**Student:** 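Below is one structure. I have some questions about it.
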Amino acid sequence: MCSLPLQDYQRYGRQMILDGFGLSGQVKLKHASVVVVDAGGLGCPALQYLGAAGIGLIGIIDHDRVELSNLQRQILHTTESVGSYKAESAAQALKRNNPDLNIDIMTVALAPENALELLRPYDIILDCTDNIPTRYLLSDAAVVLEKPLVSGAAQKYEGQLCVYNLGPTGPCYRCIFPTPQPRETVGSCEELGILGAVTGTIGNMQALETIKILLGLHDQKPSLLMYSALGSPPFRSIKLRARKPTCSACSNPDHGLSSISNTDYVQFCGGVSPDWVI
Amino acid sequence: MCSLPLQDYQRYGRQMILDGFGLSGQVKLKHASVVVVDAGGLGCPALQYLGAAGIGLIGIIDHDRVELSNLQRQILHTTESVGSYKAESAAQALKRNNPDLNIDIMTVALAPENALELLRPYDIILDCTDNIPTRYLLSDAAVVLEKPLVSGAAQKYEGQLCVYNLGPTGPCYRCIFPTPQPRETVGSCEELGILGAVTGTIGNMQALETIKILLGLHDQKPSLLMYSALGSPPFRSIKLRARKPTCSACSNPDHGLSSISNTDYVQFCGGVSPDWVI
Amino acid sequence: MSTLNLKIEFGGGLELLFSNQRSYQIALPSLVPKDNSTAEESLAMKEMKALDVDYLIHHMRDHMLQERVELFMEKDTVRPGILVLINDTDWELEGEGDYKLQEGDEVVFISTLHGG
Amino acid sequence: MSTLNLKIEFGGGLELLFSNQRSYQIALPSLVPKDNSTAEESLAMKEMKALDVDYLIHHMRDHMLQERVELFMEKDTVRPGILVLINDTDWELEGEGDYKLQEGDEVVFISTLHGG
Ligand SMILES: [Zn+2]
Ligand SMILES: [Zn+2]
């Protein structure tokens, strides 16, 4: 249980000597499993640092293929990989840095029918998606599966970071946003634009929050980090409410598989938009 | 002057539609040149997002070779590249994402004798180094060359970010730290440890500050961003002093080439330490 | 009449509804109509309450908003997807719209982001 | 004797010198000896001044520091490489050691980082 191959000491030595890390921390990471939903602007940097840190099993769910317009922010993908699955392209990039990684490549669309099955094998879920229906679906699934959801979002020059469903009293996404925003208030990356270094900063911190949770270094206080690359100061930390007793997901004993598979998340969020992933 | 190849519209479209960016912003980046000193824990993520954003000319100065112990944070390098020059390995990785990049690979040690010559061709200098003598050298050179110095630092779970020598009144490193800290108070990454996602977050934001300066979106107010991955809140922004009239570098009319090449920076910082890069 | 000075900030794109200005300093009366009407006539006839966040939101709608109301409000409160923060704390922890504003309070309105 | 409540924070590894605790709440007298001596005897004999950052640093050295003095102070001030912040502002903008501390002030001591 508490041992590592000799060359892991060399590879991970710089982090193993940190306070609160050590050999036991590295062993925890080796036995941990994490799933990243979407290998896009947030998923690429998150995956990169999860892989480099030596997480034992990494799942990547993404049914999209690499496009030229992705490469300004989705830094694991290569010009050569344009046209291939993002999940495969990302896995290849991780293996270049760390060939020993175990990676589950899932080139399917996350949907109410398969979400629980796809996400169940992992300790922590990273929401690196780009649309509201999938954000509600991931939150509902994380509640049913009782797993923390490390959620990032980015648009234009701004980003947000929050860990949902963490610990016994952490809120879920529905605790904070019980009702989806009206469809007409929603833009897409295509309409709004996004800078790569902004998704990079948030995705990076998603990896960091994940590692903190796995190592037991997370303070579990519900908070939202707001980032505005042009703001002064650029960061603001918000103290969030705890789990809500009236939440239709995390405080509802009937919430479960059937309530997820009976929900049309796209309809719930106001209907289809041409560039949503689902 | 104000035109781009058609496929650049596709590749960079998501950032070109941002407010304050546009076609003219992309053309500015295309005509810009940036030099990154050290392709290590900070340099790798900084380079990655500078390259993806389409900076016209990128210089990489690093005479070190890739070691296995680098890979947990120096995410551009691959296990296969262990033993080769970091500057070359980093350049290869950037080209995988963006084959059209112009990259100057410099596998020499930055020193008082060559600093001005090596740095002069570039608009902005990124300090991604890991030792104090080189930080003073880079600051002195940036002052002589009248270029902004985007400086990052990281140790353990903490990071710092500051832009020195920006605009007519921005302080240089010596304005803030006129005297090096005593040698016995200095640790190294080897002694102190470092987490990859911490260098990643800071390096990422170095790329962002650089892009803001190039686009004219930087507010030029002197400030220091402090990051503590385990802190709550994790970020704190500090208002810094302006350029100091008593500064021996940036307010000294005699400061120049001769004062740099006559300085033994290692001795100035308290003498040699076994793991310093110089 | 005594007034309270407040700081208002926007994030997540909401500033676009308010002249693309991220930060405002405003002063509002410490006593306001209980029905949140912000017209200045006939204040004397109204039943009054201490200034709260509900009134602030109505004031913003009536006097500061530049664009379509439905992008900021729905019924008598902010629309879904907007988080209100009072001095860097989720307004749910402070009583939501009923929170009595104090001199110097900072109220932040952010729209949740969803891109990635 | 009246006292002032202060918040002290450490960063960049300096907390290691202070029992590895990042944050302290302390109370200090509002009037202190001009020579920065922090021993409690014979205060009556001393020339006094309003509490300033210089005195705070001496108090920290004499009563809070757990390790070698030279890692925190050099001569009568903080050693090179330490940045002092008063309410998130570089102390140089506030008069450095001469800054007169106010009730509730937060003073941060950070060591510059150099790794990469
Ligand atoms: Zn809930
Ligand atoms: Zn200077």
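Letters A, B, ... are given to chains in the order of the sequence lines, protein chains preceding strands, and every chain is numbered from 1. All figures in this text were calculated on a predicted structure; none of them were measured in a lab.
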**Student:** When you look at NZ of B/Lys221, are more than 12 heavy atoms from neighbouring residues, nucleotides or ligands closer to it than 6.0 Å?
**Tutor:**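 Atom NZ in B/Lys221 is not crowded, with 12 or fewer foreign heavy atoms closer than 6.0 Å.
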**Student:** Going by residue number, which parts of residues 39-50 of chain B are within reach of chain D, meaning a heavy-atom gap below 4.5 Å?
**Tutor:**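 From residues 39-50 of chain B, the residues near chain D are B/Gly41, B/Leu42.
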**Student:** Can you check whether D/Leu113's main-chain N or O pairs, donor with acceptor, with B/Gln155's side chain at less than 3.5 Å?
**Tutor:**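 Checked: no pair found.
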**Student:** Of the backbone (N, CA, C, O) and the side chain (C-beta and beyond), which part of D/Leu85 lies under 4.5 Å from a heavy atom of chain B, both, or neither?
**Tutor:**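 Answer is side chain: those atoms of D/Leu85 sit under 4.5 Å from chain B.
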**Student:** Non-hydrogen atoms of chain D under 4.5 Å away: do they reach the side chain of B/Thr199, the backbone, both or neither?
**Tutor:**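 Contact with chain D: side chain only.
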**Student:** Atom CD in D/Glu74, atom CD in B/Gln181: separation rounded to 0.5 Å?
**Tutor:**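 Reported to 0.5 Å precision, the distance equals 11.0 Å.
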**Student:** Would you indicate whether the side-chain heavy atoms of D/Ile110 and B/Leu224 approach each other to under 4.5 Å?
**Tutor:**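 Result yes, sub-4.5 Å side-chain heavy-atom pair found.
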**Student:** How many angstroms lie between CG in B/Leu192 and NE2 in D/His114, if you round to the nearest 0.5 Å?
**Tutor:**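 So the gap between those two atoms works out to 6.5 Å.
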**Student:** With heavy-atom distances below 4.5 Å as the criterion, would you say the side chains of B/Pro182 and D/Glu70 are in contact?
**Tutor:**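 A side-chain contact is absent here, since even the closest heavy-atom pair is not under 4.5 Å.
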**Student:** Flag the one option from D/Gly11, D/Gly81, D/Pro80 with the top tally of heavy-atom pairs under 4.5 Å to chain B.
**Tutor:**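 Looking at each option in turn, the highest pair count goes to D/Pro80.
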**Student:** For B/Ser223, which residues count as a side chain to side chain contact (heavy atoms under 4.5 Å, CB included) partner, sequence neighbours excluded?
**Tutor:**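 Checked B/Ser223 against side chain to side chain contact (heavy atoms under 4.5 Å, CB included); zero matches.
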**Student:** Which atoms of D/Leu16 are under 4.5 Å from chain B, going by heavy atoms: the side chain, the backbone, both sets, or neither?
**Tutor:**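 Answer is side chain: those atoms of D/Leu16 sit under 4.5 Å from chain B.
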**Student:** Given that the side chain runs from C-beta out, which part of D/Glu94 has a heavy atom under 4.5 Å from chain B: side chain, backbone, both or neither?
**Tutor:**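 For D/Glu94, there is no contact with chain B at all, as no heavy atom is under 4.5 Å.
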**Student:** Would you please test D/Ile82 and B/Phe177 for side chain to side chain contact (heavy atoms under 4.5 Å, CB included) and show each step?
**Tutor:** CA-CA 8 Å; D/Ile82 292 181; B/Phe177 303 110; over 6 Å; no
**Student:** Quick one: which residues of residues 226-241 of chain B reach chain D at under 4.5 angstrom, heavy atoms only?
**Tutor:**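 At a heavy-atom separation under 4.5 Å, chain D is reached by B/Met226, B/Ser228, B/Arg236, B/Ser237, B/Ile238, B/Lys239, B/Leu240, B/Arg241.
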**Student:** For residues B/Gln160 and D/Ser111, report the shortest heavy-atom separation together with the two atoms involved.
**Tutor:**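 In terms of heavy atoms, the two residues are closest at NE2-O, 3.1 Å.
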**Student:** Non-hydrogen contacts under 4.5 angstrom with chain D: give the residues of residues 201-208 of chain B involved, or none if there are none.
**Tutor:**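 Within residues 201-208 of chain B, no residue comes under 4.5 Å from chain D.
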**Student:** If you count every heavy atom of other residues, nucleotides or ligands that lies below 6.0 Å from D/Lys34 atom NZ, does the total exceed 12?
**Tutor:**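 Check fails, neighbour count at 12 or below.
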**Student:** Would B/Lys156 and D/Glu15 count as a salt bridge (charged side-chain N to carboxylate O under 4.0 Å, His left out) if you check the C-alpha gap in whole Å, the side-chain angles of each, and the deciding distance to 0.1 Å?
**Tutor:** CA-CA 13 Å; B/Lys156 305 214 266 189; D/Glu15 64 279 8; 5.7 Å; no
